[in-house]
2 protein chains.
Amino acid sequence: MTHTGMLNAGATDSLADSIRGAGLKVTAPRLAVMRALAEAPHASADRIFGAVRIELPSTSLQAVYGVLAAFVTSGLVRKLEPAGSSALFERRVGDNHHHLVCTRCSAVHDVDCAIGSAPCLVPSDNAGFTVHAAEVTYWGLCPDCQTALAAEAAAERMLPA
Amino acid sequence: MTHTGMLNAGATDSLADSIRGAGLKVTAPRLAVMRALAEAPHASADRIFGAVRIELPSTSLQAVYGVLAAFVTSGLVRKLEPAGSSALFERRVGDNHHHLVCTRCSAVHDVDCAIGSAPCLVPSDNAGFTVHAAEVTYWGLCPDCQTALAAEAAAERMLPA
DNA sequence: CAGTTGTTTTGATGAAATCAAAATAACCGT
DNA sequence: ACGGTTATTTTGATTTCATCAAAACAACTG
């Protein structure tokens, strides 16, 4: 038994280890943010805040921003900023993967690289830039929104304006 | 000579035509925004506002936002939202091209597709999504920032903390 | 040239994120 | 286990970017 308590100690300890391993102090808000990200792999600061509050009601939104900034800086978490959404955070890092984003509901889904491990990494004309990363965002409709839109279209055919 | 005046009438008329062709009324603010985008191909609303004000001082920032929204909706202009920058607008549309973004100064440069006309368009596992577009952002250092960073590094070697 | 409709101005409002100072808790060494 | 140092979190204010709504105005139609 550890000082973190006995509930789910193994999982919590491995989280604690990864935080410590990044050179950061292990705190309750940090563990809670990690757990929230395990539940929701592409969550906004606000959504993480909501999840964290359940187990740790005294946590402030600014703390969540602070935790996320520390995680991003130390490479524990990746920050996404899809056009039209607020920033999202994910724990899957270091494996060059990309994202499908639904244009209707903003749902995000991971995709592995289509072409090897570094897709499109070298632009045809880099204009003297040194390229360090290539980020691919696929825009489309998630299955739910396809269904919903099809239903909408059917309804409109019933009531033609 | 046209009702738009004689100065640069040819270019202005072709701008007017493209605006009219998109089903929009031709107005002074709209022409000014188009001209600003010709000068600065990846400009923020705020920067466009600055440029527009020079020739048309009565224009409001909200008008610029309105003009840009109309242009984006009608396909005349494309809106970019690179992570960490405010939205940028460009007139180059309809030709599936991508962007190099400098991680230090946020400069943006166009790049044609590395792999054919629709790069990475089909993700390996689309999880049921219907994909309509793929957007690629290359992150790196522009030539100026490479030089600046190299100079910084050299300076630090002179004064080792 | 007048009417209709779309556009712009004016002014208010909202969401997301950041900054700074004071209070607090984690980790180190003993 | 305990105290000191340093990082973290809280508290509260602020900034930036963008949107909304109503009234004034200007472009296009016939």
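Residue numbers start from 1 in every chain, and the chains themselves are labelled A, B, ... in the order their sequence lines are given, proteins ahead of strands.
Note: OH (Tyr65(A)) to P (dT15(D)) measures 17 Å, nearest angstrom. Atom-to-atom, CD of Glu81(B) to P of dA15(C) comes out at 18 Å; the value is rounded to the nearest Å. Regarding Arg30(A), its CZ atom lies at a distance of 4 Å from the P atom of dT8(D), rounded to whole Å. The distance from atom CG of Asp46(A) to atom P of dA17(C) is 9 Å, rounded to the nearest whole Å. Residue Arg47(A) contributes atom CZ, which lies 17 Å from atom C1' of dA16(C) at whole-angstrom precision. Between the CG atom of Leu88(A) and the P atom of dA15(C) there is a distance of 18 Å, rounded to whole Å. Taking atom CZ of Arg53(A) as the reference point, atom P of dT9(D) lies 16 Å away to the nearest angstrom. One interatomic measurement links the two molecules: CG of Leu68(A) to C1' of dA16(C), which rounds to 13 Å at whole-angstrom precision.
A donor-acceptor pair under 3.5 Å is absent between the side-chain atoms of Ser85(B) and the main chain of Glu81(B), judged by distance alone. Looking at Glu90(B), its side chain never comes within 3.5 Å of a backbone N or O of Ala40(B) through a donor-acceptor pair.
Counting any heavy atom pair closer than 4.0 Å across all strands shown, Ala70(A) reaches no nucleic acid atom. Here Ala87(B) lies in heavy-atom contact (under 4.0 Å) with sugar-phosphate atoms only. Using a 4.0 Å heavy-atom distance criterion, Ser44(B) is classed as making no nucleic acid contact. Within 4.0 Å of Ser86(A), counting heavy atoms only, lie sugar-phosphate atoms of the nucleic acid but no base atom.
At dA27(D), none of the side-chain N or O atoms of Arg20(B) fall inside 4.0 Å of OP1 or OP2 (strictly under the cut-off).
Between dT10(D), dA26(C), dG11(C), one nucleotide has an atom nearer to the side chain of Thr27(A) than all others, and that is dA26(C). Nearest to the side chain of Gln62(B), among dC20(D), dC27(C), dC28(D), sits dC20(D). Checking dA7(D), dT7(C), dT19(D) against every side-chain atom of Lys25(B), the shortest atom distance belongs to dT7(C).
The aromatic rings of His42(A) and His99(A) sit perpendicular, their planes meeting at an angle over 60°, well past the 30° parallel limit.
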Requested in this report: Any chance you could lay out the side chain to side chain contact (heavy atoms under 4.5 Å, CB included) test for His98(A) and Asp110(A), step after step, and finish with the verdict?
Outcome: CA-CA 6 Å; His98(A) 302 301; Asp110(A) 287 337; over 6 Å; no
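Two residues are said to be in side-chain contact when any heavy atoms from C-beta on lie closer than 4.5 Å; Leu24(A) and Arg30(A) meet this criterion.
Between Leu24(A) and Ser60(B), the one whose closest nucleotide on DNA chain C sits nearer the 5' end is Ser60(B). Two residues, Ala28(B) and Phe89(B), neighbour DNA chain D, and the one matched to the more 5' nucleotide by heavy-atom proximity is Phe89(B).
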